[in-house]
Structure formats: C-alpha cells, structure tokens
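Numbering of ligands and ligand atoms starts at 1, following listing order. Fair warning: this is a prediction, and the values are worked out from it, not measured in the lab.
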Amino acid sequence: MVLAQLGGTITRAIQQMSNATIIDEKVLNECLNEINRALLNADVQFQLVRNMQNNIKRIVNIEDLAAGHNKRRIIQQAIFNELCNMLDPGKPAFTPKKGKTSIIMFVGLQGSGKTTTCTKYAYYHQKKGWKPALVCADTFRAGAFDQLKQNATKAKIPFYGSYTESDPVKIAVEGVETFKKENCDLIIVDTSGRHKQEAALFEEMRQVSEATKPDLIVFVMDSSIGQAAFDQAQAFKQSVPVGAVIVTKMDGHAKGGGALSAVAATKSPVIFIGTGEHMDEFEVFDVKPFVSRLLGMGDWSGFMDKIHEVVPKDQQPELLQKLSEGNFTLRIMYEQFQHILKMGPIGQVFSMLPGFSSSELMPKGQEKESQAKIKRYMTMMDSMTNEGKSCKLDSSNPKIMNDSRIMRIARGSGRHVREVMEMLEEYKRLAKIWSKMKGLKIPTRGDMNMRSRNMNAQHMSRVLPPQMLKQIGGMGGLQNLMKQMGSGKDMMGMFGGGDS
Ligand SMILES: Nc1nc2c(ncn2[C@@H]2O[C@H](COP(=O)(O)OP(=O)(O)OP(=O)(O)O)[C@@H](O)[C@H]2O)c(=O)[nH]1
C-alpha cells in the first residue's frame, strides 16, 4: 500500500533531520520539503500540503530544535497533529442506534465500490446484532440489482429491488417502507454510481434523498482516484448533504491521499475503510490510530481489538503468554493458521504494532491463493505430527529440520520438497516478527484491576518488550504516543485481562 510507503518516507525524513548536528532553518526546510514530496506523491491535494507546511513552520520553534530538545519527537508530533487535523473535520458523523430505525443512503462515483460497501456496512452491523436491510435504487446500471441480491443473499441480509421498475425514487421509497414495517433498524439505500458531469443523475440522487429522508448520506470513494477526489466529493456535497465518507480499496496500490481531500471537500469524517473485496475486509476508521500507524508509531487500541476479534476469547491469555516468551514454534504457526482460515489474517494484528508495515505481512488481493497455501502448509505439518510429532512441532529451532526430515515430510504429505522448504521459510519469517514481542509482560491480577482506570505510561513501559519500547522512542516516546492515542484508552484489555 502506497500509504505505508508514505509513512516510511516521512519517518525517514524526520530521522535524517534529527541526525544532523545543527538544526537550522535550512535543515528543517529540507525535512519539510521531503515530507511534502511524499504527500504529493500520495496524491494529497497541493493546497492541503502547503497549508500543512505553513502550520508546521508556525508551530515548530527552531530555537527549541537548536537547543537540543528531542527534535524527532517535536517534528513528529507536529506532523501527527497536522495529519490528524486534515482528517478530522471536527464534527462526528451521525451514529445510528441499534433498535431504532435509521436510513443510510450511499452515493458515489461509478465503480467506487458502493454496492460492495453497502453490503459490508450491513454485514458489519449484522454481526453486532443489528437488523439491517438493503434497498437497490440503482436502476441505471444493468446488473446492479443482481449484484446487490447476490451479496445480500450471501450475507443473509434482506433486500429489496425490482427488475422492471425504472424509477429509483419509487423503488427507494417502497423499499424503505417495507423494511420499516419489518422493524429493521438499519435501512441501507444503494444508489446509481454517477460522475460529476452527469447532471440528470445528480438530480435523480437528490430526489431519492428528498423522498427517503436519510439520516445519513455516505459518500463512497475509491482511494485510487487521488487528486480528483476533491472535485468529485465537492460536487456530491453540493447536491446532497453528505455526512460521512467511506474510502474503499485501501488495500491496492492506492495513493490514499485522496481520502484527505475528500474530507476537506465534504467537511465530513471518514467512518470506515474498505481493505479488500471480501465482506469482512472493512475497518472502522479512527483518525489518531490511523495516522499513528501511518507514521509507524503503532496502534495499540487497534491491536487489542484485533486480538479480541481474531483469537477466540479463551485462547487470548495463552496467546499473549506465548507472545511474551518469544519462542515461535511450528505448533503456534499451525494454531495461528487455524485462526486465519476462520477469521482472516493475523497479519492485520501485527500491522498495528509499532515498526511494522502491512506490506511485510500477508499479501492483500491474493486471499484465495493464501488460503490454499495455508491449507497446504497445514497438511505438511499434519504429516509431521504423524511421525515423532510434538518434539518437532514444539521446537523453536529450525535447524532440527534437516534434509532427511524435509524429505520425509514431503513424502508423508504428498508435496514437493520445495514446498516444505517454502513452508519452513514462512515459519522463519513469522518467527522473526514474533520474536519482537519477546519480553511482553503479562500483567498481574492487580494490574488487571486497573483496567477501569487509564493505564499510565510508566506502567505500560514495564509491560512492553524492551525492543518495542526502544522503537517507540523510550519513555518519552511512549508518553507521547499514549497522549496522542487518547491516554492509552483501556490498554489493559489487550492483555486478555478482565471481562472484555
Ligand atoms: N480491492 C478492493 N476491491 C474493492 C473494494 N471495494 C469494492 N471493491 C471492488 O470494486 C469493484 C466495484 O465495486 P462495486 O461495488 O460494483 O462498485 P459500485 O460503486 O457499486 O459500482 P456502480 O454500481 O457502477 O456505481 C468490484 O470488483 C468490487 O469487488 C475494496 O475495498 N478493495
């Protein structure tokens, strides 16, 4: 993802600057120019980049830098704040309430991923116990209703649409009325994709909005449209009261900077991002954790949420215990593969840790291949359990896998030697990631009781692996990070403590 590269470039520019013996105006300018180039490359609108540069220059006091204060932190903090300001329009989006009917209308350009996103949004809420329903008011694109119907059926979500009726306003109103009677609490209206030049379609969208009176209009935007996002988003906002943005295809080679432009144009917050074609590749968007991840500073609250989501509750403490020991065995890999097949990549979890970028983890857009590969690896590991088993699966020493063992595993599982070696390479790669968590301290009961209060940085520093603490920038960096993340909200939850 290009956004990960953006984060890397910014971090490197700051690092280079802080390595300079004397920090003067020139060195600061060079650093900011580098950051500007990175932002422009990521398709952030020029005007936004210029504003950001001016703001940083106003905030960062060159005297402070020269006096040897922690330069890296001062600049990083300023950039962090500026990126957050860009992404945060300052007012939250309408939040539907479970059990109370809300109508959400989706608008966007053709092919932006609107129909897919409607289903993802419905599915996300359905998993949380809502009663969503989908209405297809796209009469423009042939096949739109079939697509929605197919998605909805797969997710077992009720839907409404027509093959014969050509008036989208009529369909939208009928659909909304039907689902109101059925006490659905989230009625999602999908509309035709349109382009800002298509005046008639814009008028139709306005009419659908007027007739259904949605509580929220969501502008769906493909992250790869880059700079064009600003004009497009503005055109939609001028026709209907857009109240939130969802950015799709954040998994591809998208430049992502368009998201910043869309927020600026609609003055509406991004509420979710789409990270793949699958139904559950959909994430809640929070500004601070997002920017924090972008700058390689980690996302602790996301990390703990993912642990809860991906790993079954009764296995969470055990997983964290193993993480703290840092010894990654083939058996742990096997168990993680089981979670992956059930829930989606554990790589998502690791991408939330400071110093990791999503690009070094599971490749996106190749889910089917990845799944098949995982199943192959598991068959090979199964064949290991058949011969002399646990010692090998439970060893964290890859050297015990000598040539004859590799051949036996290949024979036993009916796979090529090359494939067994590939599996062992994957194991080594994951073991390296895993080892970074070595030293993670599982909190005591007393710590657990602290969950209701906010955890302080000092406490956190005792719990974190030393290597990771160093990566964050020591105690100072940690304090800063926790401040930025909203005083370390409920950090204890991530250690599997308490009742969450
Ligand atoms: N990789 C990736 N693909 C996505 C994502 N969201 C949607 N897509 C794909 O984008 C393509 C277009 O999605 P649709 O949902 O058909 O788009 P639409 O906006 O409803 O299209 P119109 O009805 O023409 O407006 C499909 O192939 C989707 O699978 C995402 O987050 N990541």
Non-hydrogen atom of [X] closer than 4.0 Å to ligand 1:
X	value
K120	yes
L109	yes
S112	yes
G111	yes

Mark up the atoms of ligand 1 that fall under 4.0 Å of a heavy atom belonging to [X], in ascending order.
X	value
D138	23 (O)
G274	31 (O)
T275	31 (O)
G193	25 (O)
E277	1 (N), 2 (C), 3 (N), 4 (C), 29 (O), 32 (N)
T116	7 (C), 13 (O), 14 (P), 15 (O), 28 (C)
G113	7 (C), 13 (O), 14 (P), 15 (O), 17 (O), 18 (P), 19 (O)

Interatomic distance, T117 atom OG1 to I273 atom CD1 [nearest 0.5 angstrom]: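 CD1 of I273 is found 11.5 Å from OG1 of T117.
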Separation between CG of D167 and CD of Q207, rounded to the nearest 0.5 Å: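 D167 CG to Q207 CD: 8.0 Å, rounded to 0.5 Å.
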Y377 and its side chain to side chain contact (heavy atoms under 4.5 Å, CB included) partner, picked from E419, R415, E422: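 Testing each of E419, R415, E422 against Y377, the sole residue satisfying side chain to side chain contact (heavy atoms under 4.5 Å, CB included) is E422.
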Enclosure of M279 CE (heavy-atom neighbours >12, cutoff 6.0 Å):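 Buried by this count: over 12 neighbours within 6.0 Å.
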Under 3.5 Å donor-acceptor, [X] side chain and [Y] backbone:
X	Y	result
K114	T191	yes
S268	V242	yes
D185	G99	yes

Per-residue contact class, [X] against ligand 1 - non-hydrogen pairs under 4.0 Å:
X	answer
R141	side chain
Q147	side chain
V220	neither

Are any of the N/O atoms in [X] less than 3.5 Å from those in ligand 1?
X	value
K249	yes
Q110	no
T248	no
D190	no

Side chain to side chain contact (heavy atoms under 4.5 Å, CB included) evaluation trace for Y123 with K120: CA-CA 5 Å; Y123 182 66; K120 284 180 175 180; 5.6 Å; no
Ring geometry between F236 and F202 (parallel below 30°, tilted from 30 to 60°, perpendicular above 60°):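 The arrangement is tilted - the two ring planes meet at 30° to 60°.
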Salt-bridge contact E210-R206 (side-chain N to carboxylate O under 4.0 Å):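 Yes, E210 and R206 are salt-bridged.
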E165 side chain reached by T139 side chain, heavy atoms, under 4.5 Å: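 No, their side chains stay 4.5 Å or more apart.
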